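For reference, the structure discussed in these notes is given below.
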Amino acid sequence: MKKLSVYLIITAVAAVMLYPLLWLLGASFKSNSEIFSSVWFIPDSIDLSIWKNAWETATPYTMGHYFINTFMIIIPKTVFAVISSLLAAYGFARFNFPLKRLFSSLLLIGMLMPAIVKIMPMFLFWRDTGLLDTYIPLVFPALLAEEGMFVFILIRFFNSVPREFDEAARIDGCGTMRTLFLVLLPCIKPAVTSIAVFTFLWTMNDFLNPLIIIQSVKKYPLSLALRLSVDSTGQSYEQCKIIAVSVIGLIPSITVFALAQKKFVKGITAGGLSG
Amino acid sequence: MKKRQYKNPTGVSKYTGLLLISPFIAGFLLFTLYPFICSFILGMTNSRTVGQTEFIGFENYKTMFGSSSFRRALEVTLKYAIILVPLKLIVSLMTAVLLNLEIKGIGFFRTAFYIPSILGANLAVVIMWQYLFTAKGLINQFLELFGASPISWYGDPDAALYIIILLRLWEFGSTMIIFLAALRDIPRELYDAAKVDGCSCTRSFFSITLPQIKGVIFINLILQTISALQEFNAPYMITSGGPLKSTYTVGMLIYDEMFKYGEIGYANAVSWVLFTVIALAVGIMYLVTGRTERETT
């Protein structure tokens with residue numbers, strides 16, 4: 001009996017959580033009038049021309065162009081974020097060095113620092129270096145382990161790997177780097193996957209940074225292209241097209257999440273983020 | 001003074017670790033410390049996109065506290081955080097407790113609750129949210145279905161803030177998953193012992209669960225407060241701060257001053273005030289939870 005009521009409650013919550021997304025998917029095939037007359041998500045008829053229209057966008061470029069732009073940011077950024085956080089976490093977890101305590105507290109300070117304070121000086125910094133309207137300001141920070149949270153997660157995972165592994169590797173003649181990549185990396189794979197997926201999703205979601213850095217429409221990532229589609233079609237008409245653009249824009253995030261789901265959830269639940 | 005020994009495997013210099021974390025240190029100096037200091041200095045100037053920059057001391061701060069639009073934005077932001085953060089923590093903790101009851105299909109439910117939180121910051125979902133609350137949108141259609149009168153979400157200054165609050169509440173999954181991991185770590189023996197002693201479920205929740213996950217509650221509280229006080233994306237896209245500035249957050253004010261009006265100095269001063277508010281909030285929470293910890297032990 002008690003179990004049943006628990007199921008009822010969580011099923012109801014799950015329905016509330018997922019229905020808007022289902023509705024969004026359904027609405028991307030609906031005509032404007034149908035969107036605002038029916039609560040049911042399944043469309044009366046499927047009109048693929050809306051998607052085709054949406055793909056072509058109101059700009060001179062297709063959605064495909066914006067996808068490529070986004071991946072030109074995401075792929076290097078993800079690789080850089082993984083490598084730089086891995087090195088920093090390895091240093092913190094496995095080595096002793098002068099001022100170690102000071103540097104680990106910097107890690108925490110960096111995590112608590114509100115992003116909004118950084119945004120303007122960084123804008124001025126990139127403006128003065130003449131790199132505005134390029135992808136460098138969006139990608140370069142990842143090379144320097146900007147995301148303290150990632151280093152933090154990895155340190156906790158490194159701590160769970162016995163130090164005997166390192167010693168055994170050393171006896172077999174592995175140097176510092178080979179120990180990391182050949183021995184330790186396979187042990188902390190779930191955490192590395194989580195970091196890569198997080199970087200992917202966060203970059204996909206990031207709006208404020210591209211908004212201030214990228215000026216020419218040709219270089220817009222997906223998030224800015226989405227905003228553009230709202231601005232250029234206005235509020236009162238063509239809602240169905242905007243909704244179709246949104247659904248297309250969500251496809252990469254949903255795909256990556258679905259592919260990595262198992263390892264990813266393991267990575268965040270297995271102690272990484274929990275206190 | 002005794003010289004500190006750095007214990008490392010033989011043949012590893014004490015600088016190896018330093019070398020490994022050097023990119024991180026460079027990143028901290030360049031992307032955290034530098035903007036932080038730079039922002040403070042700019043906040044003391046009358047720097048604008050055009051014209052001369054002069055040092056004007058605390059003049060920006062004086063203007064700010066005298067300005068009604070700043071006070072209004074601060075009010076809105078605080079109200080938003082005070083409603084959202086406790087609500088989100090309670091919902092995520094309750095759901096995590098339910099999911100922890102050894103039910104079947106936990107994987108499905110965990111994913112279902114988690115998905116909105118990873119997609120929620122995506123602009124596509126923000127746009128979707130905007131449509132849900134229009135005059136004839138899904139929410140009002142549902143209200144009518146249940147016989148309630150539709151709400152003018154975008155016209156009513158009291159209702160508009162709740163569009164944003166509901167969006168962020170809908171994204172409770174990431175907070176929930178942190179709670180869930182912490183609940184898993186509580187030793188089962190504690191509950192068994194409580195059962196033997198005749199404790200009810202509610203009693204063991206308050207006497208075992210809450211004290212055991214105190215640390216995680218604190219972390220979630222801080223993370224959520226920091227992000228709530230910086231809210232920018234949702235009001236910018238959904239309501240543009242309206243109606244009557246009822247959703248105009250400090251984050252939006254900073255953005256407008258900087259990029260719309262070109263008031264670089266003033267914008268930086270505002271962002272420093274926001275930083276101070278966040279630091280104060282975190283500090284107070286730290287003191288309060290620290291005190292309860294001392295009292296209970």
Side-chain angles (χ1 to χ4, degrees), chain A residues 3 6-7 9-10 13-14 17-18 20 23-24 36 39 84 87-88 90-92 95-98 103 106 110 112-118 120-122 141 143-146 151 167 170 176 201 204-205 207-208 212 223 226-227 230 239 242 246 249-250 253 257 261 265 268-269 273-275, chain B residues 6-9 14-18 20-21 23-28 30-32 35-36 38-39 95 98 101 103 109 111-113 116 118-119 121-124 127-128 131-132 136 138 141-142 145 177-178 181-182 215-216 219 226 230 232-233 251 254 258-259 267-268 271 274-275 278 282:
Chain A
K3 276 254 154 98
V6 169
Y7 272 111
I9 297 172
I10 56 174
V13 178
M17 300 295 284
L18 293 181
W23 176 84
L24 183 75
F36 296 105
V39 292
S84 65
L87 291 181
Y90 182 47
F92 277 120
F95 299 92
N96 275 313
F97 46 83
F103 291 130
L106 294 188
L112 292 179
M113 187 77 75
I116 203 119
V117 181
K118 301 182 201 171
M120 277 174 301
M122 283 333 286
L143 198 57
L144 299 181
E146 183 204 29
V151 181
E167 284 157 24
R170 197 162 294 280
T176 308
L201 294 171
M204 212 65 206
N205 292 348
F207 170 63
L208 186 55
I212 61 168
S223 57
L226 278 177
R227 187 185 76 117
V230 178
Q239 277 100 348
I242 296 172
S246 306
L250 280 177
S253 301
F257 181 71
Q261 205 252 359
V265 173
I268 34 178
T269 49
L273 277 168
S274 63
Chain B
Y6 298 101
K7 251 206 250 155
N8 271 329
K14 64 178 180 181
Y15 297 111
T16 309
L18 217 48
L20 284 167
I21 68 162
F24 160 74
I25 298 172
F28 181 85
L30 188 58
F31 299 119
T32 304
F36 192 66
C38 182
S39 169
T95 325
L98 287 180
L101 289 175
I103 50 170
F109 287 111
T111 312
F113 296 154
I118 53 157
L119 298 182
N122 195 302
L123 212 60
I127 292 169
M128 168 196 89
Y131 287 131
L132 293 182
K136 282 189 181 290
L138 193 67
Q141 286 179 39
F142 266 113
L145 215 60
I177 232 155
I178 299 177
V216 174
I219 287 175
I226 294 176
Q230 295 185 74
F232 167 78
N233 286 12
I254 294 171
M258 173 82 184
F259 295 102
N268 277 290
S271 76
L274 183 59
F275 166 72
I278 292 173
V282 172

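Chain naming here is simple, since letters A, B, ... match the order of the sequence lines and numbering starts at 1 in each. Because the structure is a prediction, the values reported are computed rather than measured.
A distance-only check finds no donor-acceptor pair linking the side chain of B:Y131 to the backbone of B:L138 [under 3.5 Å]. Here the side chain of A:N205 pairs a donor or acceptor atom with the backbone of B:I118 at under 3.5 angstrom.
Interface residue B:L101: backbone and side-chain heavy atoms are both found under 4.5 Å from chain A. With a threshold of 4.5 angstrom between heavy atoms, B:I25 approaches chain A through side-chain atoms but not through N, CA, C or O. The part of B:F109 that comes within reach of chain A is its side chain, from C-beta onward, which places non-hydrogen atoms under 4.5 angstrom from that chain. Both the backbone and the side chain of B:F31 have a heavy atom closer than 4.5 Å to some heavy atom of chain A. Only the side chain of B:I127 comes within less than 4.5 Å of a heavy atom of chain A; its backbone N, CA, C and O stay farther away. Contact annotation for A:I9: only side-chain heavy atoms (C-beta onward) come within less than 4.5 Å of a heavy atom of chain B. Interface remark: B:F259 contributes side-chain atoms only to the contact with chain A (heavy atom separation under 4.5 Å). Only the side chain of B:F232 has a heavy atom closer than 4.5 Å to any heavy atom of chain A. With a 4.5 angstrom heavy-atom cutoff, B:L30 touches chain A via backbone and side-chain atoms both.
Remark: A:L106 CG to B:T32 OG1 distance equals 9.0 Å, nearest 0.5 Å.
The shortest side-chain heavy-atom distance between A:F92 and A:F97 falls under the 4.5 Å cut-off.
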Query raised in the report: Can you check side-chain contact (heavy atoms from CB on, under 4.5 Å) on B:Q230 and B:I278, steps first, answer last?
Result: CA-CA 9 Å; B:Q230 295 185 74; B:I278 292 173; 3.9 Å; yes
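For the options B:A26, B:G17, B:G27, heavy-atom pairs under 4.5 Å to chain A are most numerous at B:G17.
For B:F142, the CZ atom sits in a packed shell: over 12 heavy atoms of surrounding residues, nucleotides or ligands are nearer than 6.0 Å.
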